[in-house]
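A quick write-up on the structure given underneath.
Below, chains carry the letters A, B, ... as their sequence lines are ordered, and counting in each starts from 1.
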Amino acid sequence: MAKLPISSYLHTDVVYIARFLLGKYLFSNIDNILTGGIITETEAYKGTSDKASHAYSGTRTNRTEIMYGQGGVAYVYLCYGIHYLLNVVTADVNIPHAVLIRAIYPIIGTNEMLVRTGKTKVNNNLSNGPGKLTKALGIDLSINGASYQGSDIWIEDNKIAIKKMDIEAGPRIGVGYAGKDALLPYRFVFNYGDYIKKTH
DNA sequence: TGTAGGATCCACT
DNA sequence: GTGGATCCTACAG
């Protein structure tokens with residue numbers, strides 16, 4: 001496998017990238033420990049025009065500044081004062097689109113993931129939420145701004161050929177405050193369990 | 001400087 | 001299925 005090239009992140013259609021990232025391998029190498037898994041859930045946040053986005057209406061703050069840079073870097077922020085959430089910044093400079101990685105299926109370094117999360121079993125429950133997956137992968141604010149071409153965090157391509165029918169689209173989670181934008185079908189789920197059943 | 005509210009998770013019923 | 005934990009961020013004054 002090979003790291004996704006920077007060009008993969010510069011597409012201007014953030015919804016396209018959100019679907020594209022499903023089934024790819026997300027890796028982190030934190031404290032010299034390799035952990036990773038298959039991306040199974042993403043959400044698209046469409047820059048300045050999307051009420052659910054932190055960059056809605058072009059607001060620039062210290063927190064969101066990274067979203068306005070070039071795509072291919074990580075945007076990590078603290079939610080509810082408790083959970084770190086991991087995003088992929090996409091598109092070119094001044095277009096603050098981002099994809100929230102909501103879930104992965106754990107594959108590599110699962111023992112370390114159990115230690116980090118305090119869980120005892122490796123299953124889909126280990127990293128099936130945006131706060132849980134950052135904890136399992138050891139991601140915190142020190143990763144904010146890191147390049148996906150670097151050695152801390154990256155995404156690799158693979159041989160998984162996902163068909164349209166393997167992807168479920170629906171409204172995003174926890175964005176009820178966003179008015180009609182809360183209804184946009186910008187959440188994408190790749191049902192990895194069903195995929196395995198069908199191909200084996 | 002104060003305060004309202006949030007891109008969540010877990011324990012408990 | 002429901003509610004509390006918990007604290008940072010953004011914005012108003």
* Using purine N1 to pyrimidine N3 plus N6-O4 or O6-N4 for Watson-Crick, or N1-O2 and O6-N3 for G-U wobble, both under 3.5 Å, which nucleotide pairs with B:dT8? -> C:dA5
* Per the atom types in the model, does the base of B:dA7 pair as donor or acceptor with the side chain of A:His54 at under 3.5 Å? -> yes
* Asked: Separation of A:Tyr84 atom OH from C:dT6 atom C1', in whole Å?
  -> 13 Å
* Are any of A:Arg187's side-chain N or O atoms less than 4.0 Å away from OP1 or OP2 of B:dA7? -> no
* Asked: Taking only N and O in the side chain of A:Lys135, is any of them less than 4.0 Å away from OP1 or OP2 of B:dC9?
  -> no
* Asked: Applying the 4.5 Å side-chain criterion to the ILVMFWY set and letting contacts propagate, would A:Val175 and A:Leu78 be lumped into a single cluster?
  -> no
* To do: Using whole Å, report how far CG of A:Leu141 lies from P of C:dC7.
  => 14 Å
* Using only side-chain N and O atoms of A:Lys46, determine if any of them is under 4.0 Å from OP1 or OP2 of B:dA7. => no
* To do: Classify the nucleic acid contact of A:Leu78 as base, sugar-phosphate or nothing, counting any heavy atom under 4.0 Å across all strands shown.
  => sugar-phosphate
* Send over the distance from A:His83 NE2 to C:dT6 C1', rounded to a whole Å. => 9 Å
* Asked: For A:Asp50 and B:dA7, what is the distance between atoms CG and P respectively, to the nearest whole Å?
  -> 11 Å
* To do: Identify which nucleotide among B:dA7, B:dC9, C:dT9 has an atom closest to any side-chain atom of A:Lys132, counting heavy atoms from C-beta outward.
  => B:dC9
